[in-house]
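Quick note: residue numbers are just sequence positions, from 1. We count ligands from 1, going down the list as the structure has it; atoms in each ligand are counted the same way. Worth knowing before you read on, the calculation uses all heavy atoms, side chains too, and leaves out hydrogens, waters and symmetry mates.
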Amino acid sequence: MIADTIHQIETELAGRAQLIAVTKTKPVELLREAYDAGCRKFGENKVQEMTEKQPQLPADVKWHLIGHLQTNKVKYIAPFVALIHSVDSLKLLQEINKQAAKNNRTIDCLLQIYIADEETKFGLSAQEAETLLNDPTLESLENVRIVGLMGLATNTDNDDQIRREFRGLKQLYDTLAALNRKNVQFSELSMGMSGDYHIAVEEGSTLVRVGSAIFGSRN
Ligand SMILES: *Cc1c(COP(=O)(O)O)cnc(C)c1O
């Protein structure tokens, strides 16, 4: 079942974007099933859940933190996290840099951009993202690399609106990718979930974060 869905999504993506299986709230047996079907990228939104599951899966799994990250929790994921999708402040980036250095690693990060027409606390505006990328402090953060942007479209049935939001994020991506900044090297645009990944891929996504379409709805 899970394997069939994963293979179907991979076929649809046709190499244009990579699949991140979003496994939050799901038991490790289901993650193993996805692993056996070929999945190597798993997305979790909570630090504690990710650190509990990580030792129970093979070491070649790439763990993607897709939810809000508090500075005091960075240390728990710094030894192994592959990509942090939810960087929304310079302060958080500084802490990631510090913990990455302690682990002799460079941690790849995405800036989370607020694109939805909804009330939410998380994500930077276009202006805030540009300001962050131009902050001179960034040059001293040798153990982080900003590799792109992440965004969540509005939760709506209006496909035109979703497409507009993704297109806007892609435009911002292209603009910011052209900035020539140390420790910034854009290659990933994380957009699209179960309900809208088809549109996201058409609009230039390189990483889709798909949960319920693979594992069923969450309670
Ligand atoms: C839960 C979550 C997803 C996956 O959502 P589905 O609709 O289940 O595919 C993607 N991105 C983020 C940031 C999430 O928190």
Considering only the protein, which heavy-atom contact is closest to atom 5 (O) of ligand 1, and what is its distance?
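Its nearest protein heavy-atom neighbour is M193 CE, 3.5 Å.
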Protein heavy-atom partner closest to atom 2 (C) of ligand 1 - residue, atom, separation in Å
K24 NZ, 2.5 Å
Where does the angle between the aromatic ring planes of F80 and W63 fall among parallel (under 30°), tilted (30 to 60°) and perpendicular (over 60°)?
perpendicular
Geometric N/O contact G211 with ligand 1, under 3.5 angstrom:
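The answer is yes, given that G211 and ligand 1 share an N or O pair closer than 3.5 Å.
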Kindly confirm or rule out an N or O of S194 lying under 3.5 angstrom from an N or O of ligand 1.
yes
Identify, by atom number and element, the atoms of ligand 1 in contact range of [X], meaning under 4.0 Å from any of its heavy atoms.
X    : result
R218 : 1 (C), 5 (O), 6 (P), 8 (O)
V210 : 9 (O)
R209 : 4 (C), 9 (O), 10 (C), 11 (N), 12 (C), 13 (C)

Of all heavy-atom pairs linking V87 and L92, the shortest is CA-CD2, 3.9 Å
Can you establish whether the number of heavy atoms outside N155 located under 6.0 Å from its atom CG is more than 12?
no
Donor + acceptor pair across side chains of Q94, T137 (<3.5 Å)
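There is no such pair between these side chains.
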Looking only at side chains, do E188 and T206 share a donor and an acceptor under 3.5 Å apart?
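Side-chain D/A pair, E188 to T206: present.
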Hey, is K170 close enough to D174 for a salt bridge, meaning N to O under 4.0 Å?
yes
Please compare T25, T23, N155, I66 and report which has the shortest non-hydrogen distance to atom 12 (C) of ligand 1.
I66
Mind checking whether H85 contacts ligand 1 via backbone (N, CA, C, O), side chain (CB onward), both or neither, at a 4.0 Å heavy-atom cut-off?
neither
Could you tell me if the side chain of M191 sits less than 4.5 Å from the side chain of S205, heavy atoms only?
yes
